[in-house]
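It should be emphasised that the depicted structure is a prediction, and the values quoted were computed from it without experimental measurement.
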Amino acid sequence: MNTWEANIRKVVPYTPGEQPNEPDMIKLNTNENPYPPAPGVTKALKEIHTDTLRLYPDPTAGDLVHAIAQNYGLKDEQVFVGVGSDDVLAMSFLTFFNSEKPVLFPDITYSFYDVWADLFRIPYECKALDENFCIRKEDYFGENGGIIFPNPNAPTGVELPLSDIEEILQHNQDVIVIVDEAYVDFGARSALELIDKYENLLVVQTFSKSRSMAGMRIGFACGNAQLIKYLNDVKYSFNSYTMDRTTLATGVAAIEDQAYFQETCAKIIATREWTKKELVALGFSFPDSKTNFIFASHESCPASELFGALRQEHIYVRYFPKPRIDNHLRITVGTQEEMEKLIEFLKKYLKK
């Protein structure tokens with residue numbers, strides 16, 4: 001090892017989903033929304049004056065913060081925004097998880113959590129999901145330095161009941177509890193209704209999934225005003241101008257079109273439920289998903305084999321070669337037409 005390497009921070013980085021770019025592919029591997037953003041987003045883009053791009057954007061992201069707050073019936077000071085929920089979550093780790101006690105999160109979950117913990121040198125402990133891939137609330141009742149989990153969980157799609165979340169909060173009033181709700185809009189119940197009751201609760205959501213804005217990178221957190229102030233203090237100490245003018249304008253347009261948001265979520269939910277029935281008929285099993293993906297395994301065909309076969313047909317799903325989940329495929333819900341093509345291929349392949 002070179003002497004200069006001794007003082008370099010080394011981590012095993014997060015591996016994002018593959019981003020292929022092929023004609024006629026069916027991309028079901030990164031939980032993107034198959035429908036375009038709200039029509040107002042296109043209008044906002046057309047109305048942006050390029051001359052304004054020479055000026056810095058609003059460092060407070062005031063218009064976007066206000067639009068989000070209005071949408072959820074909150075005060076502006078209860079909302080924090082960042083460059084995707086990953087940015088919001090990273091800032092949250094840096095801001096709130098500074099105890100010598102371990103932060104707790106599930107063993108099967110969003111795989112960025114342990115990366116941030118290692119990056120920021122935060123001790124952590126993983127709590128095993130049960131045999132049905134459910135979070136056991138009692139595992140989070142012990143002493144800790146903070147708690148984070150997605151709800152619904154990823155990559156399993158399983159929802160933790162709001163009553164269980166409240167019990168976790170009741171047992172952990174001296175630490176920050178973060179509920180990562182990237183997929184909550186596809187049929188789960190949000191913990192947002194608890195933020196006025198529990199001052200240590202932070203709820204994080206994203207525009208990437210239900211609002212079709214993965215390419216613009218908008219995430220936000222909601223909590224009591226003091227938590228949001230602490231987050232902004234860290235943000236302004238790190239990078240004051242995190243969101244550009246284009247993102248701010250399109251974000252406001254997206255959040256204001258509630259009718260379009262509800263319409264696209266309903267279409268994805270309907271297609272998900274149709275796909276579930278078709279997969280069961282083909283011999284697949286999976287936890288009940290409240291997300292825009294299905295975490296499926298087949299009764300006789302290994303997931304690794306199916307992954308490869310689908311890939312050859314330019315149908316991309318996500319495969320995790322990890323303990324306990326290495327015989328599962330995470331299948332994003334695409335359009336109805338895309339899911340019909342997926343099922344059609346599986347019917348032919350599984351008959352061989």
Side-chain angles (χ1 to χ4, degrees), residues 14-20 25-35 84-86 106 108-113 129 132-135 149-160 179-190 204-215 219 261 264-280 282 284-298 303-304 306-307 310-311 315-322 324-343 345-346:
Y14 170 75
T15 303
E18 186 179 5
Q19 291 290 349
M25 69 177 179
I26 298 178
K27 190 172 183 295
L28 308 175
N29 67 325
T30 49
N31 296 343
E32 294 146 326
N33 197 309
Y35 301 106
S85 60
D86 287 342
I108 300 171
T109 194
Y110 185 31
S111 54
F112 225 141
Y113 294 163
L129 300 180
N132 297 313
F133 293 139
C134 296
I135 289 174
F149 54 86
N151 195 47
N153 196 9
T156 64
V158 176
E159 178 186 15
L160 184 66
V179 182
D180 180 0
E181 294 187 343
Y183 303 100
V184 74
D185 294 323
F186 299 107
R189 186 175 176 184
S190 175
V204 177
Q205 294 191 13
T206 178
F207 281 43
S208 295
K209 316 301 181 184
S210 57
R211 298 188 189 275
S212 307
M213 297 280 281
F261 160 74
T264 53
C265 286
K267 286 196 289 188
I268 290 168
I269 291 169
T271 300
R272 180 191 69 203
E273 296 307 305
W274 176 88
T275 305
K276 284 181 183 178
K277 293 177 182 177
E278 295 294 319
L279 289 174
V280 168
L282 289 172
F284 286 89
S285 60
F286 41 83
D288 185 32
S289 174
K290 292 295 182 67
T291 63
N292 66 335
F293 60 84
I294 300 167
F295 194 57
S297 63
H298 193 264
S304 58
L306 279 173
F307 174 74
L310 287 163
R311 186 185 177 88
I315 301 173
Y316 291 87
V317 297
R318 194 79 188 268
Y319 174 60
F320 300 93
K322 297 180 179 181
R324 296 186 69 193
I325 60 172
D326 59 357
N327 198 34
H328 289 75
L329 297 176
R330 194 192 68 190
I331 305 168
T332 301
V333 177
T335 64
Q336 182 68 26
E337 181 183 9
E338 287 175 328
M339 302 313 285
E340 287 173 2
K341 288 180 179 178
L342 168 72
I343 295 300
F345 170 79
L346 290 173

For atom CD of Glu337, decide whether the heavy atoms of other residues, nucleotides or ligands shown that lie under 6.0 angstrom number more than 12. no
Is there side-chain contact between Thr30 and Gln19, with at least one heavy-atom pair below 4.5 Å? yes
Atom CD1 in Ile294, atom OG1 in Thr156: separation rounded to 0.5 Å? 13.0 Å
Any donor-acceptor pair under 3.5 Å linking the side chain of Asp180 with the backbone of Phe149? no
Should the ring pair Phe295 and His328 be called parallel, tilted or perpendicular, given that the plane angle runs from 0 to 90° and is split at 30 and 60? parallel
Hey, is the main chain of Ser297 close enough, under 3.5 Å, to the side chain of Asn327 for a donor-acceptor pair? no
Is the closest side-chain heavy-atom distance between Ile325 and Arg330 below 4.5 Å? no
Are the charged groups of Lys277 and Glu273 less than 4.0 angstrom apart, N to O? no
Verdict with reasoning, Tyr319 to Arg311, per side-chain contact (heavy atoms from CB on, under 4.5 Å): CA-CA 11 Å; Tyr319 174 60; Arg311 186 185 177 88; over 6 Å; no
Of all heavy-atom pairs between Asp86 and Tyr110, which one has the smallest distance, and what is that distance? OD1-OH, 2.6 Å
Identify the heavy atoms of Lys290 and Gly187 that sit nearest to each other, and give their distance. CD-O, 3.8 Å
Between Asp185 and Lys209, does a side-chain contact (heavy atoms from CB on, under 4.5 Å) hold up when you go through it step by step? CA-CA 9 Å; Asp185 294 323; Lys209 316 301 181 184; over 6 Å; no
What's the shortest heavy-atom distance between Lys276 and Ser289, and which atoms? NZ-O, 3.2 Å
Identify the two heavy atoms, one from Ile108 and one from Pro155, that lie closest to each other, and give their separation to 0.1 Å. CG2-CD, 3.9 Å
Between Ile315 and the options Asn29, Ile331, Ile26, Leu306, the side chain to side chain contact (heavy atoms under 4.5 Å, CB included) test singles out Ile26
Hits for salt bridge (charged side-chain N to carboxylate O under 4.0 Å, His left out) against Glu32, two or more places apart or cross-chain, chain-then-number order -> Lys27
Within-4.5 Å side-chain heavy-atom neighbours: Phe286 and Phe293: no
Say you draw a straight line from SG of Cys134 to CD of Glu159; how long is it, rounded to the nearest 0.5 Å? 10.5 Å
With heavy-atom distances below 4.5 Å as the criterion, would you say the side chains of Leu329 and Leu310 are in contact? yes
Assess whether side-chain hydrogen bond (donor to acceptor under 3.5 Å, both in side chains) is satisfied between Thr109 and Asn153, documenting all intermediate values. CA-CA 6 Å; Thr109 194; Asn153 196 9; 3.1 Å; yes
How close do Pro152 and Thr291 get, counting heavy atoms only, and between which atoms? CB-CG2, 3.5 Å
Apply side-chain contact (heavy atoms from CB on, under 4.5 Å) to residues Phe284 and Thr275 and explain how you reach the verdict. CA-CA 11 Å; Phe284 286 89; Thr275 305; over 6 Å; no
Decide yes or no for Asn292 and Arg272: does some side-chain heavy atom of the first lie under 4.5 Å from some side-chain heavy atom of the second? no
Tell me, please, whether Tyr35 has Lys267 positioned over its six-membered ring: NZ or CZ under 6.0 Å from the ring centre and within 45 degrees of its axis? yes
Distance from Phe207 atom CZ to Asn33 atom CG, nearest 0.5 Å? 13.0 Å
If you look at every heavy atom in Leu28 and Glu338, which pair is closest and at what distance? CD2-OE1, 4.3 Å
Should Ile268 and Pro34 count as side-chain neighbours, where that means a heavy-atom distance under 4.5 Å? yes
Within the structure provided, determine whether Ser210 and Phe261 are in side-chain contact (heavy-atom separation under 4.5 Å). yes
Is any side-chain heavy atom of Leu129 closer than 4.5 Å to a side-chain heavy atom of Arg324? yes
Output the distance between atom NZ (Lys322) and atom OG (Ser111), rounded to the nearest 0.5 Å. 4.0 Å
Evaluate the criterion ring pair (Phe, Tyr, Trp, His ring centres under 6.0 Å) for residue pair Phe186 and Tyr183; output intermediate values, then yes/no. CA-CA 6 Å; Phe186 299 107; Tyr183 303 100; 7.1 Å; no
